[in-house]
Structure formats: structure tokens, C-alpha cells
Enquirer: 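Sharing a structure with you now.
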Number of protein chains: 2
Amino acid sequence: MKQQEVFKAMADPTRRAILKRLQGGPLTAGEIGEAFDITPASLSHHFAVLKHADLVRTERRGQYIVYSLNSTVFEDLARMLMDLFPTKGKVGGK
Amino acid sequence: MKQQEVFKAMADPTRRAILKRLQGGPLTAGEIGEAFDITPASLSHHFAVLKHADLVRTERRGQYIVYSLNSTVFEDLARMLMDLFPTKGKVGGK
DNA sequence: TAGATACTTAGATATTTTTCTAAATATTGC
DNA sequence: GCAATATTTAGAAAAATATCTAAGTATCTA
């Protein structure tokens with residue numbers, strides 16, 4: 001996991017909103033864009049950042065490009081966070 | 001939890017390193033600073049960001065200021081992340 | 001193949017963030 | 001109170017990021 005890329009990607013509210021929209025399942029770039037008051041070009045930039053962080057996957061379907069969440073990286077990130085703060089309870093993890 | 005502030009705080013590698021240093025227990029600003037090749041003023045800015053996100057707590061002890069982690073917010077953040085990606089298993093979540 | 005639709009890339013500008021230097025505040029010990 | 005130490009605040013410069021317009025690529029339909 002490229003930690004820096006992931007955190008940077010998550011730092012922008014628009015990108016978090018994009019991820020949120022994808023919770024319901026895969027969507028095309030256009031469908032995602034409907035919810036935002038931003039040009040397709042800017043959206044595309046955000047997609048690129050999310051993709052670079054490996055937070056989303058893409059698949060071309062005809063003239064559309066379908067985006068979907070990559071849950072694996074979220075899990076890694078959550079794990080990393082759990083790791084970052086000291087354990088208060090009794091259980092194992094250093 | 002101020003989600004935006006927390007993510008923004010986590011997005012900088014220096015700030016993540018500061019948090020990491022604090023895993024071992026509270027430290028003064030100066031002690032933290034030893035590990036970084038950066039001016040005290042810049043460090044202080046990073047502290048302010050971390051504090052604003054409520055990721056660290058401070059306490060003045062004489063002429064020193066002691067920083068410590070606020071684990072609560074980390075837990076909130078981890079929870080939030082778990083929440084952000086769709087449940088794969090059968091259990092409950094939305 | 002031409003025209004329409006969906007999306008990305010390039011390049012410019014505006015905003016935000018990081019960092020620095022210099023100066024200010026707080027506390028200690030004489 | 002004064003000098004020394006620890007840290008923060010203010011203000012400026014440099015670097016990174018978000019956004020836009022215009023132009024490019026890919027695919028579909030006729």
C-alpha cells in the first residue's frame with residue numbers, strides 16, 4: 001500500500017464523497033459526476049488520484065468507464081490506523 | 001470528530017511521523033523535534049494542525065510543552081474507515 | 001466514415017499548504 | 001528584574017493542489 005498516496009487521496013472532501021457514492025456499487029464516471037458541481041475534467045483528476053492510490057478500480061464498458069471501490073486498500077488503511085495508536089486493552093498487538 | 005481536519009492532518013508525512021514518535025508515550029516539543037530536520041517554527045505549525053484535529057493533547061510542564069496522542073480520535077477514524085467501505089460479509093451494516 | 005457522447009490530457013490560473021526568518025510569549029534560575 | 005531556554009505567532013516565499021477551458025482519444029450509431 002502506498003501510504004502517502006492513500007492518505008493524500010483521502011484528504012480531499014470531493015474524493016471522499018466519490019468513494020461514498022461508490023459504496024452502493026460500481027458507477028460510471030458520468031453517474032458519479034452528477035452529484036458534483038465540478039467540471040468533468042476536474043472530476044477526472046480526482047479519479048486519477050484515487051486510482052493512483054489504488055482506492056478504486058476501473059473497467060471500460062463501451063463508451064463508459066466504470067469505477068468501483070477497491071475494498072482491500074481500505075482494509076489495509078484501517079489496519080494501519082489501528083496500528084498507529086497504542087493499544088489500550090489487553091490484547092496482543094504491539 | 002472533524003473528519004476533514006483529521007484527514008488533512010494525516011495527509012502529511014511529517015505529521016504521521018510525529019504521531020508515530022508519540023506512540024511510545026508523551027514527549028516535549030523539543031524531544032519530538034530532534035528527529036526532524038525542520039525548524040521549531042515549522043514543527044510548531046504541524047503541532048497546531050494535529051491539535052486542531054484533536055489527534056494530540058498538550059500540557060504545559062514548566063517551560064516545556066508535553067504532547068501526547070489522543071487515541072480516541074484514532075479509534076473514531078478507524079471506525080469511520082471501516083464504515084466507508086461496503087461490508088463484504090453478511091453482517092448488518094447498511 | 002461522420003457526428004454524437006463519454007471521458008481524459010494538457011496547460012494555465014487560483015488557492016492552499018509547507019517552510020523559513022524574525023519577533024513575541026512563557027517559564028526558570030539567578 | 002534579567003538572561004537563558006522552550007515554544008509559538010506573524011508574515012513572506014516556495015511548493016503543491018484544485019480547478020478551469022480547450023483540445024484529444026475512444027466508442028457508439030447511423
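Order of the sequence lines fixes the chain letters, A, B, ..., with proteins taken first and strands second; residue numbering starts at 1 for each chain.
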Enquirer: Tell me if a side-chain donor or acceptor on Gln3(B) pairs with a main-chain N or O of Leu77(B) at a distance below 3.5 Å.
Expert: no
Enquirer: Check side chain to side chain donor-acceptor pair (under 3.5 Å) between Arg21(A) and all other residues, then give those that pass, not counting sequence neighbours.
Expert: none
Enquirer: Nucleotides 4-7 of chain D: which of its N/O atoms have a protein N/O under 3.5 Å away?
Expert:
unit_1 : atom_1 : unit_2   : atom_2 : d
dT5(D) : O2     : Gln63(B) : NE2    : 3.0
dT7(D) : OP1    : Ala29(B) : N      : 3.2
dT7(D) : OP1    : Gly30(B) : N      : 3.3
dT7(D) : OP2    : Gly30(B) : N      : 2.7

Enquirer: Scan residues 57-74 of chain A for pairs that pass salt bridge (Lys or Arg N to Asp or Glu O under 4.0 Å), counting only residues two or more places apart or in two chains.
Expert: Asp54(A)-Arg57(A)
Enquirer: Could you list where the contact with chain B starts and ends along DNA chain C, reading 5' to 3', using a 4.0 Å heavy-atom cut-off?
Expert: dT17(C) to dT28(C)
Enquirer: Listed by chain and number, what are the side chain to side chain contact (heavy atoms under 4.5 Å, CB included) partners of Gln63(B), not counting sequence neighbours?
Expert: none
Enquirer: Give the table of side-chain donor-acceptor pairs shorter than 3.5 Å for residues 40-52 of chain A, with sequence neighbours excluded, one pair per line with atom names and distance.
Expert:
unit_1   : atom_1 : unit_2   : atom_2 : d
Ser42(A) : OG     : Thr39(A) : OG1    : 3.1
His46(A) : ND1    : Arg15(A) : NH1    : 3.0
Lys51(A) : NZ     : Thr58(A) : OG1    : 3.2
His52(A) : ND1    : Glu5(A)  : OE1    : 3.3

Enquirer: Quick one: do Met10(A) and Leu81(B) satisfy side-chain contact (heavy atoms from CB on, under 4.5 Å)? Show the steps, please.
Expert: CA-CA 10 Å; Met10(A) 299 290 298; Leu81(B) 275 172; 3.8 Å; yes
Enquirer: Determine, stepwise, if the pair Leu69(B) / Leu55(B) fulfils side-chain contact (heavy atoms from CB on, under 4.5 Å).
Expert: CA-CA 6 Å; Leu69(B) 285 185; Leu55(B) 284 163; over 6 Å; no
Enquirer: Roughly how far, to the nearest 0.5 Å, is the CG atom of Asn70(A) from the CG atom of Leu19(A)?
Expert: 10.5 Å
Enquirer: Output a table of donor-acceptor pairs, distance under 3.5 Å, between side-chain atoms of residues 29-37 of chain A and any protein atom two or more places apart or on a different chain; print 'none' if there are none.
Expert:
unit_1   : atom_1 : unit_2   : atom_2 : d
Glu31(A) : OE1    : Thr28(A) : N      : 2.8
Glu31(A) : OE1    : Thr28(A) : OG1    : 3.4

Enquirer: Just how far is it from atom CE of Met80(A) to atom CZ of Phe7(A), taken to the nearest 0.5 Å?
Expert: 3.5 Å
Enquirer: Are there any protein N/O atoms within less than 3.5 Å of an N/O atom in nucleotides 14-18 of chain D, and if so, which ones and at what distance?
Expert:
unit_1  : atom_1 : unit_2   : atom_2 : d
dT17(D) : OP1    : Lys8(A)  : NZ     : 3.3
dA18(D) : OP1    : Asp12(A) : OD2    : 3.3
dA18(D) : OP1    : Arg15(A) : NH2    : 3.1
dA18(D) : OP2    : Arg15(A) : NH1    : 3.4
dA18(D) : OP2    : His45(A) : NE2    : 3.2

Enquirer: What is the distance from CG of Leu43(A) to P of dT19(D), rounded to the nearest Å?
Expert: 9 Å
